[in-house]
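Worksheet for the structure shown next.
Note that these values count all heavy atoms, side chains included, but never hydrogens, waters or copies made by symmetry. Sequence lines set the chain letters: A, B, ... in the order given, protein chains first and strands last, and positions in each chain run from 1.
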Amino acid sequence: MSCHEDIVDYMHDYLDESITEENKERLREHLHSCAECRSYFHDMKKAIALVQSTARIKAPDDFTARVMASIPKEKKNIGMKR
Amino acid sequence: MEVIIKQRINQVLKGDQNAFGEIVELYKDKVFQLCFRMLGNRHEAEDMAQEAFVRAYVNIHRFNIQMKFSTWLYRIATNLCIDRIRKKKPDYFLDAEVAGTEGLNMYSLIADDSALPEDEVESLELQETIQDEILKLPEKYRSVIVLKYIEELSLKEISDILDLPIGTVKTRIHRGREALRKQLSNF
């Protein structure tokens, strides 16, 4: 892959949505002709999709109650009021 | 969302603790998810997420109302998780094992409480594997990948949360993506 370093940079720019139209065209043309880069790009997009597919996790039901029980009580602050 | 949050913050500043409870309700899942993906352990994630909210409450008078509240809250949570990861580094292998067995409790972590059909078990296993691969990333790549692909934040927000230049955030995301490509290419 070392000969395609600039192409890998274009892949990242593409994934960051910061690629120029010109480089996007270069990337497209190159991917069309190079199976190695095509597979590389595919694997990178697949890895992202897998990470994004991880289930949405919810906080435990008693989470808020536990936070509220841990925060300093208002009466502690009374002495600080003027 | 931001308008409601700012109203609640003003109420908290006036001494209304219940208004803070509403803020916790709005952000608890995102903060818990962030901590869980960073730490890979439910109990630690719970502790860190709770600590993040407690710190936000104690320091609420320092919050710059011009700023996006979620950015500030995520910064507190991310820093807590990074500190935690750095502290436990010597026990990495032990913790990795704990993180693995933690997967046994994945059922209780799924957003949908309803019983799971058989065919979803496989995807649960896959998700545990993906989580393990995320945990293998060095902390500086893990944080940007979690913020970008799990919390779905922009590069600008990530740069504000981590207090790093956008260029650095980009480089870390690129390296994180390269690492994940190698780790997950066999799936």
Side-chain angles (χ1 to χ4, degrees), chain A residues 1-2 4-20 23 27 31 35-82, chain B residues 15-18 20-22 24-25 27-33 35-37 42 45-46 49-54 57-58 106 108-113 123-124 126-131 133-134 145-146 148-150 152 155 170-171 173-174 176-187:
Chain A
M1 286 302 289
S2 56
H4 301 145
E5 251 173 45
D6 52 341
I7 295 295
V8 173
D9 284 343
Y10 296 160
M11 292 179 194
H12 284 293
D13 288 346
Y14 178 88
L15 295 169
D16 288 339
E17 292 172 35
S18 63
I19 194 168
T20 63
N23 289 344
L27 175 63
L31 291 179
E36 196 187 358
C37 279
R38 216 159 42 228
S39 140
Y40 191 95
F41 194 38
H42 172 80
D43 283 348
M44 196 143 63
K45 288 196 289 187
K46 188 177 70 183
I48 294 167
L50 286 169
V51 169
Q52 287 176 320
S53 77
T54 52
R56 293 290 167 248
I57 286 172
K58 280 198 169 182
D61 290 341
D62 61 350
F63 186 88
T64 304
R66 287 173 65 176
V67 170
M68 296 312 283
S70 317
I71 62 176
K73 292 290 167 280
E74 279 165 87
K75 58 183 177 186
K76 282 188 189 165
N77 295 329
I78 288 173
M80 293 169 70
K81 284 183 185 166
R82 292 178 188 178
Chain B
D16 179 0
Q17 281 198 330
N18 292 333
F20 191 73
E22 289 182 47
V24 178
E25 275 296 307
Y27 287 107
K28 62 177 185 177
D29 292 335
K30 291 202 165 206
V31 172
F32 180 69
Q33 161 124 297
C35 295
F36 181 73
R37 295 298 174 200
R42 182 183 173 81
E46 232 175 291
Q50 281 184 18
E51 181 64 19
F53 281 107
V54 170
Y57 179 82
V58 172
M106 279 298 275
S108 58
L109 295 174
I110 301 303
D112 186 355
D113 294 336
S123 81
L124 269 180
L126 175 63
Q127 283 172 6
E128 286 166 31
T129 309
I130 298 165
Q131 171 72 38
E133 297 303 328
I134 295 171
I145 290 292
V146 169
K148 167 96 179 142
Y149 290 112
I150 292 180
E152 299 181 315
L155 294 178
K170 269 194 181 183
T171 306
I173 289 176
H174 294 187
R177 276 199 295 245
E178 291 291 342
L180 287 169
R181 180 190 62 81
K182 283 182 200 142
Q183 289 168 217
L184 293 166
S185 62
N186 293 327
F187 287 87

Quick one: are A/Lys58 and B/Phe32 in side-chain contact, heavy atoms under 4.5 Å? no
Does the side chain of A/Tyr40 come within less than 4.5 Å of B/Glu178's, by heavy atoms? yes
Heavy-atom donor-acceptor pair, B/Gln17 side chain to A/Pro72 backbone, under 3.5 Å: yes
Which word best sums up how the rings of A/His12 and B/His174 line up, parallel for under 30°, tilted for 30 to 60°, or perpendicular for over 60°? parallel
With side-chain contact (heavy atoms from CB on, under 4.5 Å) as the test, would you mind laying out the steps for A/Ile48 and B/Leu180 before giving the verdict? CA-CA 8 Å; A/Ile48 294 167; B/Leu180 287 169; over 6 Å; no
Just jot down the side chain to side chain contact (heavy atoms under 4.5 Å, CB included) partners of A/Lys46, sequence neighbours excluded, or say none. A/His42, A/Asp43, A/Leu50
Atom NZ of B/Lys30 with >12 non-hydrogen neighbours under 6.0 angstrom: no
Would you call B/Arg42 and A/Ile57 a side-chain contact if the rule is heavy atoms closer than 4.5 Å? no
With sequence neighbours left out, write down each residue that passes side chain to side chain contact (heavy atoms under 4.5 Å, CB included) with B/Asn186, or none if nothing qualifies. none
Between A/Asp16 and B/Lys148, is the closest basic N to carboxylate O distance under 4.0 Å? no
What residue in B/Cys35, B/Ala49, B/Ala45 has the most heavy-atom pairs under 4.5 Å with chain A? B/Ala49
Nearest heavy-atom contact between B/Glu46 and A/Phe63 is O-CE1, 4.1 Å
Min side-chain heavy-atom separation B/Phe53-A/Thr64 under 4.5 Å: no
What part of A/Met44 gets within 4.5 angstrom of chain B, counting heavy atoms only: side chain, backbone, both, or neither? both
Measuring heavy-atom distances to chain B, does A/Ser39 have an atom under 4.5 Å in its side chain, in its backbone, in both, or in neither? neither
Please classify the contact between B/Ile134 and chain A as side chain, backbone, both or neither, with a heavy-atom cut-off of under 4.5 Å. side chain
Check: A/Ser53 main-chain N/O paired with B/Gln127 side-chain donor or acceptor under 3.5 Å: yes
In Å and rounded to the nearest 0.5 Å, what is the CG to NZ distance from A/Leu15 to B/Lys170? 11.5 Å
Minimum heavy-atom separation for A/Thr54 to B/Ile130, with atom names? CG2-CG2, 3.6 Å
So which part of B/Val58 gets closer than 4.5 Å to some heavy atom of chain A, the side chain, the backbone, both or neither? side chain
